[in-house]
Amino acid sequence: MTRREIFGSYFVCGEIKKLLPNPVFYATILVLNFGNHIKKGIDDMTAFTSADILLPKLGAEDMTKWAVVACDQYTSEPQYWEKTAQIAGDSPSALKLILPEVYLEAENAPQRIADINSTMEKYLADGLFNEYKDSLILTVRTQADGKVRTGLVGAIDLEQYDYNKGSTSQVRATEATVASRIPPRVKIRRDAALELPHIMILIDDVKKTVIEPLEARLDTLTKVYDFELMQNGGHLAGYLVSGEDAKAVFAALDALADKADFNDRYGLTGEDVLLYAMGDGNHSLATAKACYEEKKAAGSPDAQLARYALAEVVNLHSPALEFEAIHRVIVDVDTADLMTDMTAALGLEKGTGGQCFTVVLNGTEESYTITKPSANLTVGSLQSFLDGYLSAHKGAIDYIHGDDVVRSLCAADNSIGFLLPSMTKAELFPTVIKDGALPRKTFSMGHAHDKRFYCEARKIR
């Protein structure tokens, strides 16, 4: 039995148990149909497992046209997506299977979604894909800056994912999930025959036990693609991971998921394990979760397929992963009143130390320390105050990359900026464990052209 089959079988047994209150009858069904080993192993398994992965039967040049960057990038730059369409041309392309979010609110969005669904069916009917059963794909991404990021593509069990603040699930959101962003994305996924992932999930594997052993012996693995990415995306190579290689990956993940070790690692007592922290694509995973719950409630025959979502798992300690701060600018606000209220609420004192940030106002910059923090990170304490203040006062907030952009925007009257420190990698897991999901726009992982490109696919219907 594969890990995926054990997950599914135990889930089915759980559903049967609800219908059969007699524990002896339930136990008999469990033993006869699925074996005693199912319950013994399920609690030790992690949410990441193998999948039946589809890859297009294309050469390197056509793969460049196939793979496109995550749909939530370049949302204010339609020219990027127009150029992508020119590059893809009439060739098979993932662009024809996704809806770039720059077009999400367009009048023709419903027609675009219908075209996506029909193109998926056509690609399947035309035999475009090779299917790699019960497998993982080791991805080696060389970014435009030359840094190499290695990850593993497989399936995340949505039964073990909860994006709500305060969640204790094994897979958790790292930033606040905006519920209103989910329904428009459900419309895209609901009737889709395929999924393509731009989801990136982080593991805190400081000893490098999961991915790096595979990376060290690439010459023993079968290469399944190797090509240049379009539009300054760098290079992407993929290697098949199955059999004993996959078992070694899961054994390492199971070790990371040991509850006693987890609590010792973070100086905790009795806390549930956070093994998988969302890096990119949380709203896409939340959309997959919503579609799964919808199908499960309806008793759909597709529910078991919908239970999983393709994702790439990456070690937080990859040297290619860099966290960048996202700053705040408030416009059309009474800056003096805001500063007075903020000083009182956060106990601001001039200078640096502890939780600190820089205020950009009237052409000057001044550093302040928060003496009355309300969260584990500076951005959490500041955002909590700003949310409360803006709900009661005039003003609008924007989230900005780059110090110089903040300074430029704050040259306008009634504008104030806040330059925030970058969160370190070491702070991510402890903060999510302690505070739950972080405020929205807490950090960014790399530039847009370094984000995940769609390459692999999986049947979900």
Side-chain angles (χ1 to χ4, degrees), residues 67-88 93-121 163 173 175-200 230-231 233 278-294 306 309-310 326 328-332 383 386-387 390-391 394-401 405 409 437 439-442 444-445 447-449 451-454 457 460-461:
V68 299
V69 79
C71 66
D72 58 351
Q73 301 302 304
Y74 302 101
T75 54
S76 60
E77 301 177 57
Q79 63 271 21
Y80 175 92
W81 292 103
E82 291 164 5
K83 177 65 173 178
T84 298
Q86 291 173 10
I87 294 170
S93 178
L95 179 63
K96 298 164 186 174
L97 307 182
I98 66 160
L99 180 60
E101 294 193 359
V102 67
Y103 306 125
L104 193 59
E105 302 299 329
E107 289 186 7
N108 67 344
Q111 184 57 54
R112 284 178 177 271
I113 294 171
D115 292 343
I116 287 168
N117 290 336
S118 62
T119 303
M120 287 180 176
E121 298 287 1
Y163 58 77
E175 293 187 343
T177 304
V178 182
S180 62
R181 294 184 64 188
I182 297 174
R185 289 154 180 80
V186 167
K187 292 179 182 178
I188 302 169
R189 187 180 178 95
R190 178 178 283 128
D191 297 320
L194 300 171
E195 65 169 351
L196 293 88
H198 73 260
I199 297 161
M200 187 185 296
M230 67 169 73
Q231 302 230 61
M278 295 303 302
D280 280 331
N282 181 62
H283 286 89
S284 289
L285 196 64
T287 297
K289 173 83 168 180
C291 288
Y292 164 56
E293 295 295 344
E294 187 179 88
L310 276 188
I326 302 178
R328 272 71 173 152
V329 170
I330 313 295
V331 298
D332 298 326
Q383 188 69 46
L386 292 176
D387 286 344
L390 292 174
S391 68
K394 181 183 177 183
I397 189 169
D398 200 359
Y399 301 93
I400 306 298
H401 297 265
V405 179
L409 292 173
R440 61 192 180 281
K441 305 292 185 179
T442 295
S444 173
M445 292 198 315
H447 302 288
H449 54 252
K451 297 295 185 179
R452 191 166 206 286
F453 272 57
Y454 300 104
I460 56 173
R461 183 166 56 80

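Along the sequence shown, residues carry numbers from 1.
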Restricting to non-hydrogen atoms, name the atom on [X] and the atom on [Y] that form the minimum distance, rounded to 0.1 Å.
X: A192; Y: R461; answer: O-NE, 3.6 Å
X: A94; Y: L196; answer: CB-CD2, 3.7 Å
X: P184; Y: S180; answer: CD-O, 3.5 Å
X: T75; Y: D72; answer: CG2-O, 3.5 Å
X: L390; Y: A396; answer: CD2-N, 4.4 Å
X: A309; Y: A288; answer: CB-CB, 4.0 Å

Measuring from atom [atom1] of [X] to atom [atom2] of [Y], what distance do you get when rounded to the nearest 0.5 angstrom?
X: T287; Y: I188; atom1: OG1; atom2: CD1; value: 8.0 Å
X: K187; Y: C291; atom1: NZ; atom2: SG; value: 12.5 Å
X: Y103; Y: I98; atom1: OH; atom2: CD1; value: 10.0 Å
X: T177; Y: H283; atom1: OG1; atom2: NE2; value: 5.0 Å
X: I116; Y: D191; atom1: CD1; atom2: CG; value: 12.0 Å
X: Y399; Y: R328; atom1: OH; atom2: CZ; value: 5.5 Å

- Item | Full working for side chain to side chain contact (heavy atoms under 4.5 Å, CB included) between E77 and V102 | CA-CA 8 Å; E77 301 177 57; V102 67; over 6 Å; no

- Query: Are E121 and N117 close enough that a side-chain donor and a side-chain acceptor fall under 3.5 Å?
  - Reply: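 The answer is no; no qualifying pair exists.
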
- Is the CD atom of Q79 crowded by more than 12 outside heavy atoms at less than 6.0 Å?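 Enclosed.
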
- Task: Verify the neighbour count for atom NZ of K441: are there more than 12 heavy atoms of other residues, nucleotides or ligands below 6.0 Å?
- Result: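 Open.
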
- Query: Where do I326 and T442 land on the side chain to side chain contact (heavy atoms under 4.5 Å, CB included) test, with the steps shown first?
  - Reply: CA-CA 6 Å; I326 302 178; T442 295; over 6 Å; no

- Message: Using side chain to side chain contact (heavy atoms under 4.5 Å, CB included), reason through M200 and K451 one step at a time and then give a plain yes or no.
- Response: CA-CA 9 Å; M200 187 185 296; K451 297 295 185 179; over 6 Å; no

- Query: Passes side chain to side chain contact (heavy atoms under 4.5 Å, CB included), L194 versus I460? Steps please.
  - Reply: CA-CA 5 Å; L194 300 171; I460 56 173; 5.7 Å; no

Check whether any side-chain heavy atom of [X] lies under 4.5 Å from a side-chain heavy atom of [Y], and answer yes or no.
X: Y454; Y: C71; result: yes
X: P439; Y: E175; result: no
X: L310; Y: I199; result: no
X: R185; Y: E101; result: yes
X: M230; Y: V68; result: yes
X: L285; Y: M278; result: yes
X: H449; Y: Y74; result: yes
X: Q231; Y: T84; result: yes

- Query: Do the charged groups of R189 and E195 touch, with an N to O distance under 4.0 Å?
  - Reply: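 Yes, this pair counts.
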
